[in-house]
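Right, one structure below, let's go through it.
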Amino acid sequence: MLELRHRGGCSGPGGAVAPPPREGEAAGGDHETESTSDKETDIDDRYGDLDSRTDSDIPEIPPSTDRTPEILKRALSGLSSRWKNWWIRGILTLTMISLFFLIIYMGSFMLMLLVLSIQVKCFHEIITIGYRVYRSYDLPWFRTLSWYFLLCVNYFFYGETVADYFATFVQREEQLQFLIRYHRFISFALYLAGFCMFVLSLVKKHYRLQFYMFAWTHVTLLITVTQSHLVIQNLFEGMIWFLVPISSVICNDITAYLFGFFFGRTPLIKLSPKKTWEGFIGGFFSTVVFGFIAAYVLSKYQYFVCPVEYRSDVNSFVTECEPSELFQLQSYSLPPFLQAVFRRETVSMYPFQIHSIALSSFASLIGPFGGFFASGFKRAFKIKDFANTIPGHGGIMDRFDCQYLMATFVHVYITSFIRGPNPSKVLQQLLVLQPEQQLNIYKTLKTHLIEKGILQPTLKV
Amino acid sequence: MTELRQRAAREPDAPPEDKVEAVSESKDGETPVFFVAERWKNWWVRGILTLAMIAFFFIIIYLGPMVLMMIVMCVQIKCFHEIITIGYNVYHSYDLPWFRTLSWYFLLCVNYFFYGETVTDYFFTLVQREEPLRILSKYHRFISFTLYLTGFCMFVLSLVKKHYRLQFYMFGWTHVTLLIVVTQSHLVIHNLFEGMIWFIVPISCVICNDIMAYMFGFFFGRTPLIKLSPKKTWEGFIGGFFATVVFGLLLSYVMSGYRCFVCPVEYNNDTNSFTVDCEPSDLFRLQEYNIPGLIQSVIGWKTVQMYPFQIHSIALSTFASLIGPFGGFFASGFKRAFKIKDFANTIPGHGGIMDRFDCQYLMATFVNVYIASFIRGPNPSKLMQQFLTLRPDQQLHIFNTLKSHLTDQGMLTAATEDE
């Protein structure tokens, strides 16, 4: 009877598959009685597998349908299964890379839109997994609330970004001024509305499920939305800060795979049995070299190197400036042992290339931990891929799992080592102060600048 | 058997009515005495503990901002501990010792990050003096991120084959708890630095609303408010609202008179301690307000002397009474979801620390957002500090923009230039 009730409690595609033997559930029921309170209703048996002690009790989530296009299947019908898979992956990889180049060509605004769509898709994928795990398709309120929270958090973050970078545009429009000034308050009010709706939507028999979905949504927001906004902040710093890290991660993925394919022998970590130490180390060195070369090539062009600015007169994004010292060729004297190898005394490099070594090292050494985290997540919830969006590759999240930490690292790196705070943000905050405070600061600034010799003391005529 | 189970499954908050009934059924002549003793005993325990906590609160206020900061820190750690313990109990994960270490490590990292930001803002001069502190503050974000990453990598390396889901759940649980508990406590400290009145009035309003809603519900309660908390009533809710607004007005009137509550907390380099000494801002100076016509006839005065802060206190108490309870409902829902009666048993009669602070969650964030949006702008010393790290050409550009802005506003004339 317990079995029937459990099966009846399932909904959505997860329930279509016959549940595995129920001895796990009985154990789950016992665990419930051992918990801090001994109150038990029959409804709790549904949660037995949610809080199970081991993973073996969890039913497998069936994979969605195969999305490989027909044309590709027909073209590769002659090859054996292994090479067919390889070809599909290869073709899709090349397609994604060319799409990437195309969007870079189209400019920063398109890149921002791309980042936003990827973020929304990743959020959707993770939330869908949550629904399947908790079989909560029959709580329609919650889908609305999840998307509402996504909207709120995006509004908050984009509002902060817009205020910083579009300062001139914002000063012009009255309504925007109002929105900016009270931005935090408005965002908080929006979030509160969602919070209160959540509390009011708590239904007697589904408390635990709803709290789980609430927490799942928040953790997903924390991961996807914050990362995507750091990516956009990096982008505004200069497209090279967006391109080099992402390319390093992609290159590390590909070269580690290739090195592992040809030379792989020693397994790296139990979580991902296909990864090997040879792939890891080979990928590290090739990524550093790749990053070095990519930095050299990209540093020449103003288009990549200059901070993205919004010009009010042309109403579009402009990347034109005097490149900073980071992107001006400098002569470095080689240490003696390298001198013997290269037979040169000095070499002309961009200082940025030194930074690119740090970025690529992070991408190859720590980036994979993001991948392991995602692998562990997939094993924990018994899914093969996050989704089936890209044939041969899985979902969008599968492609971007190694990028998680990279965006945060680049942002922290930039703020710590490269630049100080954003000048327009400082200016905007200055203009918001009380007049007496502004006057005080003005006087302090003046003394400071005169001391430094930046400002010449003016003589009264 | 199902009957027993159903009885045991009754709501956790229900008063022990059956106990009272059973007693009154069995012992006829002695019913009133027992009836009074049981119910009032609980009331007395709660009452005494409430007074003890309020007295404790006053003592700490008297001791000063530093002690307050430490108390906030301790409360935060205890709340974190309580919620994490519930997580362990729910997931039976005591046999994953790595995870306890990791949870506390993450708590340390996030606290380090937040306290570092606060310290840098408010103790700017102190930090500039000491060399090690200066380096720590310059690369603060990088160091915090590295610490967090170490914890993240340790988590990934600690994933054990049969316990993936459990570990991911605990990871998620820890992060959500950190989000709730640590961010709130740091906003509380930010509010404290703004002026102790911004710390005391909101917290007192929430406590007052709790007590008043309980009293009104006790004496007049009839219509239930929400299924989540059957003991709450509409009468309690509305009565508590009005009582809290009045209380907030009175309290802010009393407190606005004293400098030690009203001035921003500053760190004095010379005495190496916190000082609260300043010229009170306009918010805390008595002003005349014209009473609107309809209230004039009621009270019989034409104007009234009030502090502008009292108008703000109306907003704060309104939030405390109308939206604050949602934090309480959230915690009630949480307790029902995980079938616990109280978060812990730290305070007799009241439950754990979280039980007392559940309504405060949203209040601290609201006060902080309120201050940032309506009261003050950004922190001038923080701006100076950011300015000094800019490049010379950026500094010059900002200086010139500021100059033209001030000249437009008429603040800057040729005469003031020479000062």
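If you measure heavy-atom distances from A:Phe369 to chain B, the contacts under 4.5 Å come from both the backbone and the side chain. Looking at B:Ile86, neither its backbone nor its side chain comes within 4.5 Å of chain A, counting heavy atoms on both sides. For A:Thr408, the parts sitting under 4.5 Å from any heavy atom of chain B are the backbone and the side chain alike. Heavy atoms closer than 4.5 Å to chain A are found in the side chain of B:Phe168, but not in its backbone. Of the atoms belonging to B:Thr365, heavy atoms from both backbone and side chain fall under 4.5 Å from chain A. Looking at B:Phe171, the atoms closer than 4.5 Å to chain A (heavy atoms on both sides) all sit in the side chain, from C-beta outward. For a residue to count as touching a neighbouring chain, one of its non-hydrogen atoms must lie under 4.5 Å from one of that chain's; by this rule B:Ile143 does not touch chain A. Contacts of B:Phe319 with chain A are made by side-chain atoms alone, with heavy-atom separations under 4.5 Å and no backbone atom involved. For chain B, the nearby part of A:Ile366 is the side chain; its heavy atoms alone come within less than 4.5 Å. Residue A:Phe377 touches chain B through both its backbone and its side chain, counting heavy-atom pairs closer than 4.5 Å. Residue B:Ile226 touches chain A through its side chain alone, counting heavy-atom pairs closer than 4.5 Å. Only the side chain of A:Phe362 comes within contact range of chain B, judged by heavy atoms closer than 4.5 Å.
Ring-centre distance between B:Tyr164 and A:Phe381: not below the 6.0 Å cut-off.
Rounded to the nearest 0.5 angstrom, A:Tyr442 OH and B:Thr407 OG1 are separated by 6.5 Å. Taken from NZ in B:Lys161 to CZ in A:Arg379, the straight-line distance is 6.5 Å, to the nearest 0.5 Å. Annotation: the span from A:Ile450 atom CD1 to B:Phe399 atom CZ amounts to 7.0 Å, rounded to 0.5 Å.
Shown here for A:Ala380 and B:Arg165, the closest heavy-atom pair between the two residues is O-NE, 3.3 Å. When all heavy atoms of A:Ser416 and B:Arg141 are compared, the closest pair comes out as OG-CB, 4.4 Å.
By the neighbour-count criterion of 12 heavy atoms within 6.0 Å, atom NZ of A:Lys378 is densely surrounded, having more than that number from other residues, nucleotides or ligands.
Ring orientation note: the planes of A:Tyr212 and B:Tyr169 are close to parallel, at an angle under 30° on the 30°/60° scale. Aromatic ring orientation, A:Phe185 versus B:Tyr370: perpendicular (interplanar angle above 60°, classes split at 30° and 60°).
Heavy-atom pairs under 4.5 Å with chain B were tallied for A:Phe195, A:Phe372, A:Trp216, A:Phe198; the largest tally goes to A:Phe195.
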* Asked: Going through the checks in order, is the side-chain contact (heavy atoms from CB on, under 4.5 Å) test met by A:Lys446 and B:Lys403?
  -> CA-CA 10 Å; A:Lys446 189 169 174 186; B:Lys403 184 172 176 181; over 6 Å; no

* Check step by step if side-chain contact (heavy atoms from CB on, under 4.5 Å) holds for B:Leu179 and A:Val219. => CA-CA 9 Å; B:Leu179 197 73; A:Val219 176; over 6 Å; no

